Amino acid sequence: YYFDQEEITIPVEYILKEDGLEAKIVVNELQENKNKIYQISILPYLSAAKNNTDSYLFIPSGSGAIMYTDDINRKARTYSEMVYGNDAAVREMYGGSAKKDVRLPVFGVKSDKYGLLGVIEQGAELASVDAQAGNPSIGYSSVYTNFQLRGSASTVVKDVNNLNKTVERYSDKITEIPYISVRYFPQSGDNVGYMGMAEIYRNYLIDNKQLKKDDHTSNLYLNILGGAKIRKLFLGLPYYTTTVATTSKQAQEIIKDVVKTTGTVPVVNLKGFGSGGLDADKVAGGFNLNNSMGGITGFTDLNKWCKTNEVPLFVDFDLIYFNKSGVGYSVWGDAAKTANSVSAKQGYYKIVTHEKNNNLPTFFLLGRSKLLKAGSKLAIEASKLGITGLGLSTLGSDAYSDYTDAGYFMKNQMGNDVQSIISSLKSKGFSILTEEPNLYAVVNSDYIIHAPTKSSGYFTLDMDIPFYQILLKGYKSFSSSSINLAENEQTEYLKAMSTGSALAFTVSGGYNSEFLLGVHSALAAGTYNDIHDKIKGMVNQSLEFLNKVRNSKITSYKVNGDVTFTAFDNGITVYVNFGANDVNTPIGIVKPYGFLYEQEG
């Protein structure tokens, strides 16, 4: 494509495959002169449906969502979210919302009896999924992808009147990537829609991304929090100290009690047991265990008990965020850089206003070129501690840029780096747990805690769907979000029942009112003694059903008002009632906020 006036040339290849079409932009052959390319949309009207028909757009926000194509009773709606979330190296003016990131690089459209699934094959880190629905001027709704080729950063400068002005600075170079591509798979027949899209995408991942059926299964996940930094004063001067919420001994007592009272062996993730607790400190918490939480001695006893009782035990290490030099990494020389060539920083936001909270410490992101080495160091240090299960919550879910190298612009190659680290760790005998992971971490994880159960909830999205769960059920062991931390605990529980997901709870060993004033309120909300009965009741109520479906694929999922219907490939069907009234179903009456299941035959 030649844009003579702008003096830009964009080479695009369209390749017809046996099962669809591939559209490829050859980035290393782009030509620019006086004008520079910031982003490119590709085939914005291929995945389109006529307005006011039996059609919808599939949006991969969080667990998944759909946008209807009507334009009669409401205005046109637009949607845009970055694949794998916003760049974690860019600190925004406002943040801390309950937004759910795009974890899967897919999108699609159902148009009457036909459908089309788009898979971002190369350059997903650079991409956003964009959609417009119900635009009456063109009569069609569409979903497509944008690729951002240049990074940017905001800078405050003085204008001619000596007033502050925020300007956007763009990187001089384009991201170093040979090409970016999207592959399109057409649909027809009886399975048109998001169920058929999930099947196509699953087969694609099996053939191209080494997705395999795992034998790892569990009906319960426990996220046990070790502690966090608390702000205190000494002679009027503020300082931060790591305060303990759970020791290794308390964690062992919690696990023992859960096994005894529920008859279920949980997957356990110890989070925040390093030098800074849940807050950034040295890289990977110093590659060690906090002495005040039990240290090596306490963990060794816990680890031994878990192995004896076949409890999968993971220790979470943060390889990305840090705010102290040490263990071979410096905040001055080893931090990622923004497009302004300054160290990338992140921090906390105010709960109510979502503004930056300048009263709390900020933290750096480890330079992208240092990540692989940090992964190798983790393998060495974890082996010394006797750890065999590694939790990689931030590595699996947070993607970011580093402008020290054009190969790392716009989050580029994040997926490759994470896959290399996880593959290396697994080759050394470690099991891997990730938290709400992006696709590149999903395929290599043994366990997934907190799979997304909702979308970002933007008003443009009409209905949430559990596409993430439909795709992975029967292939990966995953849990719901933590039920005791959900906005509505019963709704979160019922979502798990509707997809056959394991239950998850976030717990701590003891109550400390100081945590209520910090940013990790879960440390106070998850005191085990307070939620013990809740865990026992929900697990016992669902255990029989979860045991029957835990290795099964979802073959059908439908929503009718407040009721969902799910069918599994082993003949189990379940109706879940999210409403306040009895509902009559083909297998019986489902009580309010309850579920009912049946096995074929």
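This structure is a prediction, so every number in the text was calculated from the model and none was measured.
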Inset, instruction - Establish, from distance only, whether the side-chain atoms of T338 and N340 form a donor-acceptor pair under 3.5 Å. - result: no
Inset, instruction - Using a strict 4.0 Å threshold on nitrogen-to-oxygen distance, state whether E492 and K454 make a salt bridge. - result: no
Legend entry - Chi angles and distances behind the ring-ring contact (aromatic ring centres under 6.0 Å, His included) call for Y45, Y140: CA-CA 9 Å; Y45 294 105; Y140 282 83; 8.5 Å; no
Inset, instruction - Step through it carefully: locate the ring centre of Y403, locate the ring centre of F409, and say whether they are under 6.0 Å apart. - result: yes
Legend entry - Pairing of D70 and R77 as salt bridge, 4.0 angstrom limit: yes
Inset, instruction - Using the six-membered ring wherever Trp is involved, compare the ring planes of F58 and F467 and label them parallel, tilted or perpendicular (cut-offs 30° and 60°). - result: tilted
Inset, instruction - Heavy atoms only: give me the nearest L439-P105 pair and the separation to one decimal. - result: CD2-CD, 3.7 Å
Legend entry - Cation over ring face, K24 and Y179, 6.0 Å, 45°: yes
Inset, instruction - Taking atom CG of N28 as the centre, report whether more than 12 heavy atoms of other residues, nucleotides or ligands fall under 6.0 Å from it. - result: yes
Inset, instruction - Answer with yes or no after comparing the ring centroid distance for F565 and Y557 against a 6.0 Å cut-off, counting only values under it. - result: no
Legend entry - Contact summary for S128 and M82, nearest pair of heavy atoms: CB-SD, 3.8 Å
Inset, instruction - Say whether S61 and E81, considering side chains only, have a donor N or O and an acceptor N or O under 3.5 Å apart. - result: yes
Inset, instruction - Grab the two heavy atoms, one from S542 and one from F595, that are nearest each other, plus how far apart they are. - result: CA-CZ, 4.3 Å
Legend entry - Distance-only polar pair, side chains of N412 and E176, donor-acceptor under 3.5 Å: no
Legend entry - Greater than 12 external heavy atoms within 6.0 Å of D207's CG: yes
Legend entry - Sole candidate of V106, L104, T145 that passes side chain to side chain contact (heavy atoms under 4.5 Å, CB included) when paired with I120: T145
Inset, instruction - Go through the side-chain N and O atoms of S218 and S477 and say whether any donor and acceptor fall under 3.5 Å apart. - result: no
Inset, instruction - Measure across S445 and T434 and return the closest heavy-atom pair with its distance rounded to 0.1 Å. - result: OG-OG1, 2.7 Å
Inset, instruction - Determine, for K426 against D446, whether the closest basic-nitrogen to carboxylate-oxygen distance falls under 4.0 angstrom. - result: yes
Legend entry - S171 side chain to K173 backbone, donor-acceptor under 3.5 Å: yes
Inset, instruction - Give a yes-or-no answer on whether the side chains of S482 and H450 include a donor-acceptor pair shorter than 3.5 Å. - result: yes
Inset, instruction - Assess whether atom NZ of K373 is packed by more than 12 heavy atoms of other residues, nucleotides or ligands within 6.0 Å. - result: no
Legend entry - side chain to side chain donor-acceptor pair (under 3.5 Å) assessment of Y56 paired with D462: CA-CA 10 Å; Y56 59 75; D462 291 304; over 6 Å; no
Inset, instruction - Compare every heavy atom of Q469 with every heavy atom of I554, then report the nearest pair and how far apart it is. - result: CD1-O, 4.3 Å
Legend entry - D417 with R368: basic N within carboxylate O range, under 4.0 Å: yes
Inset, instruction - Using a strict cut-off of less than 4.0 Å between a Lys/Arg side-chain nitrogen and an Asp/Glu carboxylate oxygen, indicate whether K553 and D569 qualify as a salt bridge. - result: no
Legend entry - Between N51 and T69: side-chain donor-acceptor atoms closer than 3.5 Å: no
Legend entry - Ring centres under 6.0 angstrom apart (Y440, Y84): yes
Inset, instruction - Could you tell me whether D214 and K212 have a side-chain N and a carboxylate O separated by less than 4.0 Å? - result: no
Legend entry - Other residues, nucleotides, ligands: >12 heavy atoms within 6.0 Å of K213 NZ: yes
Legend entry - Verdict with reasoning, D172 to R150, per salt bridge (Lys or Arg N to Asp or Glu O under 4.0 Å): CA-CA 8 Å; D172 295 327; R150 274 186 165 82; over 6 Å; no
Inset, instruction - Determine whether more than 12 heavy atoms belonging to other residues, nucleotides or ligands lie under 6.0 Å from atom OH of Y14. - result: yes
Legend entry - SB check K36 E6 (cutoff 4.0 Å): no
Inset, instruction - Would you confirm whether D101, through its side chain, and R103, through its main-chain N or O, come within 3.5 Å as a donor-acceptor pair? - result: no
Legend entry - For S401 against A89, the heavy-atom pair lying closest together: O-CB, 3.6 Å
Inset, instruction - Return yes if a side-chain donor-acceptor contact under 3.5 Å exists between Y447 and N269, otherwise no. - result: no
Legend entry - Ionic contact status for K271 with D318, cut-off 4.0 Å: no
Inset, instruction - Look at atom OH of Y38 and say whether more than 12 heavy atoms of other residues, nucleotides or ligands are closer to it than 6.0 Å. - result: yes
Legend entry - Test: E436 and K100 ion pair at under 4.0 Å: yes
Legend entry - Test applied, side chain to side chain contact (heavy atoms under 4.5 Å, CB included); reference residue, D19; option that passes from Y184, F185, Y204: F185
Legend entry - Carboxylate-amine/guanidinium proximity below 4.0 Å for E22 and K17: yes
Inset, instruction - Report yes or no: does S455 contribute a side-chain atom to a donor-acceptor pair with the main-chain N or O of G457 at less than 3.5 Å? - result: yes
